[in-house]
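Below is one structure, written out as structure tokens; comments come after it.
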There are 2 protein chains.
Amino acid sequence: MGESLDRIRCDCNVIHEDTVNKVKALMPDEESLYDLAELFKVFGDTTRIKILWALTESEMCVCDLAFLLNMTQSAISHQLRLLKQSRLVKNRKEGKVVFYSLDDGHIEKIFKQGMIHVKEQG
Amino acid sequence: MGESLDRIRCDCNVIHEDTVNKVKALMPDEESLYDLAELFKVFGDTTRIKILWALTESEMCVCDLAFLLNMTQSAISHQLRLLKQSRLVKNRKEGKVVFYSLDDGHIEKIFKQGMIHVKEQG
DNA sequence: ATTATATATGAATAGTTGTTCAAGTGTTTA
DNA sequence: TAAACACTTGAACAACTATTCATATATAAT
């Protein structure tokens, strides 16, 4: 009694010791897995995925993206800042208009691969 | 004055009409993009990505995963439920032990592709 | 210079989410 | 039958996040 915390260790840990050790050895390092989760977190939002998908076709300015997604410029701009911080998009200025484009060739591949999964779910 | 809401339409929409229309035509449908974002949202958490990565190597029971990730069984169990709802993992029962394994062959491909991006960021 | 346009940004708010805690189910062992 | 074990689950709480609103900046047009 008094043990409110769920236990972490159990008999299985001993029984399956070899498996657990093998898996542990094959796991990428903590930092890589953290970074990978961060990358997918960026993709895990409808607005951002629409922006990124649009940019796979053509560079676009903020207000065109806003019009395309039917959202305010402010909302789009906030998300573009996040995407730029994640180094997924870059921008160039032309007068008062700012054009955004993809900053990474892998994005499209990751999306296509993910879409295969989505489509198979029926 | 009185217009507090950010405008959505602007001159660019007309100037870049062809581009916007082209991009709109090439975008996947709303539902697919939503599902894709949902998929990436599941990947966008360190705990879940560790679980999934571990399961790419071997099926494992709940307490072994808890031990491997140094987390409570409860926390792992909650996440496994979510992963099962997303049809990313399946399970089989052997006595009182429940073994989880991957339910999708694409997961590994998506992870590897994502990892390429992560590693390139330096 | 003044006004309009395109974009950026800080603060606030509402909604979402991951973990913990406590209590539950079902199976096995003593 | 009782206790131990592996796991599940609901509620609560804290942390995070996406959008909105208001305002600011920079460039262009008048």
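All chains are named by letter (A, B, ...) in the order of the sequence lines, taking the proteins before the strands, and each is independently numbered beginning at 1. None of these values were measured; they are calculated from a predicted model.
- Interface residues of residues 57-64 of chain B facing DNA chain C, ordered by number: none; criterion, heavy-atom separation under 4.0 Å.
- You'll find that the side chain of B/Gln73 is closest to D/dT8, out of D/dT8, C/dA6, C/dG18.
- Looking at residues two or more places apart in sequence or on another chain, you find a side-chain hydrogen bond (donor to acceptor under 3.5 Å, both in side chains) between B/Glu108 and B/Lys112.
- In summary, the aromatic rings of B/Phe111 and B/Phe43 are positioned with their centroids under 6.0 Å apart.
- With sequence neighbours excluded, no residue forms a side-chain hydrogen bond (donor to acceptor under 3.5 Å, both in side chains) with B/Lys96.
- When rounded to the nearest whole Å, the span between CG of B/Leu82 and C1' of D/dC7 equals 17 Å.
- Rounded to an integer number of Å, the gap from CZ of A/Arg92 to C1' of C/dA6 is 14 Å.
- With side-chain heavy atoms closer than 4.5 Å counting as contact, directly or through intermediates, A/Val14 stands alone and belongs to no larger hydrophobic cluster.
- With distances taken from any side-chain atom of A/Ser77 to the nucleotides D/dA6, C/dT9, D/dT8, the minimum falls on C/dT9.
- With sequence neighbours left out, A/Asp29 forms a salt bridge (Lys or Arg N to Asp or Glu O under 4.0 Å) with B/Lys119.
- Regarding contacts with the backbone of D/dT20, a side-chain N or O of A/Thr72 is found under 4.0 angstrom from either OP1 or OP2.
- Residue B/Asp11 has its side chain nearest to C/dA6 when only D/dC5, C/dA6, D/dA18 are considered.
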What side-chain donor-acceptor pairs closer than 3.5 Å can you find for residues 48-66 of chain B, not counting sequence neighbours?
unit_1, atom_1, unit_2, atom_2, d
B/Arg48, NE, B/Val42, O, 2.7
B/Arg48, NH1, B/Gln79, OE1, 2.9
B/Arg48, NH2, B/Lys41, O, 3.3
B/Lys50, NZ, A/Glu30, OE2, 2.6
B/Thr56, OG1, B/Trp53, O, 2.4
B/Glu59, OE1, B/Arg92, NE, 3.2
B/Glu59, OE2, B/Arg92, NE, 3.4
B/Glu59, OE2, B/Arg92, NH2, 2.5
B/Asp64, OD1, A/Asn13, N, 3.3
B/Asp64, OD1, A/Asn13, ND2, 2.8
B/Asp64, OD2, A/His16, ND1, 2.4

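- Atom CG of B/Leu80 is separated from atom P of D/dT8 by 7 Å (rounded to the nearest Å).
- The base of D/dT20 is paired with the side chain of A/His78 by a donor and an acceptor separated by under 3.5 Å.
- Remark: A/Tyr100 is not in phosphate contact with C/dA6, judged by side-chain N or O atoms under 4.0 Å from OP1 or OP2.
- Checked against C/dT7, C/dT9, D/dC5, the side chain of A/Arg81 finds its nearest nucleotide in C/dT9.
- The base of D/dC7 lies outside donor-acceptor range of the side chain of B/Ser74, with no N or O pair under 3.5 Å.
- Of the residues in residues 39-55 of chain B, those with a non-hydrogen atom less than 4.0 angstrom from any atom of DNA chain C are B/Lys41, B/Asp45, B/Thr47, B/Arg48.
- Annotation: the terminal axes of the helix from C/dA1-D/dT30 to C/dA30-D/dT1 meet at 10°, where each axis is the rotation carrying the C1' atoms of four end pairs onto the next four (5 pairs per end, rounded to 10°).
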What one-letter contact string describes nucleotides 24-30 of chain D from 5' to 3', where B marks a base within less than 4.0 Å of any protein heavy atom, S marks contact via sugar-phosphate atoms alone, and - marks no contact?
--SBS--
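- Grouping Ile, Leu, Val, Met, Phe, Trp and Tyr by side-chain contacts under 4.5 Å, direct or through others, leaves B/Ile116 on its own.
- Under the 4.5 Å side-chain heavy-atom criterion for ILVMFWY residues, no single connected hydrophobic cluster contains both A/Val97 and A/Leu68.
- Residues forming a ring-ring contact (aromatic ring centres under 6.0 Å, His included) with B/Phe67 (at least two apart in sequence, or on another chain): none.
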List the atom pairs, with distances to 0.1 Å, where a side-chain N or O of residues 98-105 of chain B and a protein N or O form a donor-acceptor pair under 3.5 Å, not counting sequence neighbours.
unit_1, atom_1, unit_2, atom_2, d
B/Tyr100, OH, B/Asn91, ND2, 3.3
B/Asp104, OD1, B/His106, N, 2.6
B/Asp104, OD2, A/His117, ND1, 2.5

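- Atom CD1 in A/Ile76 sits about 16 Å away from atom C1' in D/dC21, given to the nearest Å.
- Taking side-chain N and O atoms only, B/Gln79 has a distance below 4.0 Å to OP1 or OP2 of C/dT19.
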